[in-house]
Amino acid sequence: AAMLELSKGGLKPAEIEAGGLKAAMNLAATEGLDLADASTTIVNAMSQFGISAKNAAGITDKLAAGATASTASVASLSAGLGNVGVSAKQAGLTLTETVAALSAFDQAGIKGAEGGTALRSMLLHLVPTTDKTAKLMDKMGLSFVKRNGEIMNLSEITAELQKGLGGLSEAQRIATTKQIFGTYAF
């Protein structure tokens, strides 16, 4: 079943042998996951983040590290990646950064697919989509886009938010955050 899932995901036999199957087996062993599900997780992450089969073991390492460092399970992180992986890659995030964010969301009680959807919503709102939001962000001195046009990484976004929202009351921070990122990301 694992080899079928890996091949359905687009891996050639040589890529399965080069690391895809071993990575899936190691991922399945981390928490007793079904081997086919672990294979699907590996293939999806490879596709979403442009990771080659020979580097597939890194996917297992990152997911296991995220699960170990938080309340998240590998299955929960996998579900979250399913909802945010493509958007995260488009926003310039690495798999490591994305797993770290999903782990933090899980730790805060926003688990699995819901965490992925919330993170995706946040990422999609880093560039304002309405004049009202653009004016608010300008007023707060918030911009999540670097001069070269790239989106800031998560550490830079956090620092920008702390700087821009630091002087606000709790109620003002909540209202501002909801306006910028939408209610789902909040």
Side-chain angles (χ1 to χ4, degrees), residues 1-127 129 149-155 157 181-182 184-185:
M3 291 180 71
L4 176 63
E5 291 302 316
L6 293 169
S7 64
K8 281 175 33 180
L11 270 67
K12 297 177 177 73
E15 292 174 312
I16 293 171
E17 290 178 25
L21 182 58
K22 183 176 181 184
M25 291 172 64
N26 288 339
L27 184 61
T30 60
E31 294 177 355
L33 299 174
D34 178 77
L35 188 53
D37 291 340
S39 299
T40 300
T41 297
I42 295 292
V43 169
N44 288 345
M46 287 172 64
S47 174
Q48 292 167 332
F49 290 92
I51 299 169
S52 68
K54 69 179 181 179
N55 295 319
I59 297 167
T60 299
D61 295 343
K62 288 167 182 56
L63 289 169
T68 301
S70 70
T71 59
S73 66
V74 170
S76 177
L77 294 172
S78 176
L81 280 174
N83 285 357
V84 73
V86 172
S87 297
K89 174 68 173 170
Q90 289 175 343
L93 273 74
T94 64
L95 177 62
T96 301
E97 291 172 312
T98 306
V99 168
L102 290 171
S103 297
F105 275 44
D106 199 280
Q107 189 76 26
I110 307 169
K111 299 183 177 293
E114 185 178 353
T117 301
L119 181 57
R120 182 183 67 217
S121 181
M122 185 204 83
L123 293 171
L124 293 174
H125 287 90
L126 291 174
V127 177
T129 56
E150 292 178 5
I151 300 292
M152 293 178 171
N153 66 40
L154 291 178
S155 296
I157 290 167
F181 297 114
Y184 201 85

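Since this is a predicted model, take the numbers as computed values, not measurements.
Distance alone, capped at 3.5 Å, places no donor-acceptor pair between the S87 side chain and the V84 backbone. Checking side-chain atoms of S76 against main-chain N and O of A72 turns up no donor-acceptor pair under 3.5 Å. Of the possible donor and acceptor atoms, one in the side chain of T41 sits under 3.5 Å from a partner among the backbone N and O of D37. Formation of a donor-acceptor pair under 3.5 Å by the E5 side chain with backbone atoms of T40 is not found in this model. Between the side chain of S78 and the main chain of V74, no donor-acceptor pair closer than 3.5 Å is present.
Applying the salt bridge (charged side-chain N to carboxylate O under 4.0 Å, His left out) test to every pair with at least one member in residues 89-106, sequence neighbours left out, gives these pairs: D106-K111.
Here S39 contributes atom OG and L21 contributes atom CG; the two are 6.5 Å apart, rounded to the nearest 0.5 Å. One distance of note links CZ of R120 with CG of L124; it measures 7.0 Å at 0.5 Å rounding. With values rounded to the nearest 0.5 angstrom, S47 atom OG is found 13.0 Å from I42 atom CD1. Of the inter-residue distances, the one linking L27 atom CG with L35 atom CG reads 9.5 Å to the nearest 0.5 angstrom. Summarising the geometry, atom CZ belonging to F49 is positioned 14.5 Å from atom CG belonging to N55; distances are rounded to the nearest 0.5 Å. To the nearest 0.5 angstrom, I51 atom CD1 is 9.0 Å from T94 atom OG1.
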Next on the checklist: Set out, in order, the CA-CA distance, both residues' side-chain angles and the distance that settles side chain to side chain donor-acceptor pair (under 3.5 Å) for T60 and N26, then state yes or no.
Outcome noted: CA-CA 7 Å; T60 299; N26 288 339; 5.8 Å; no

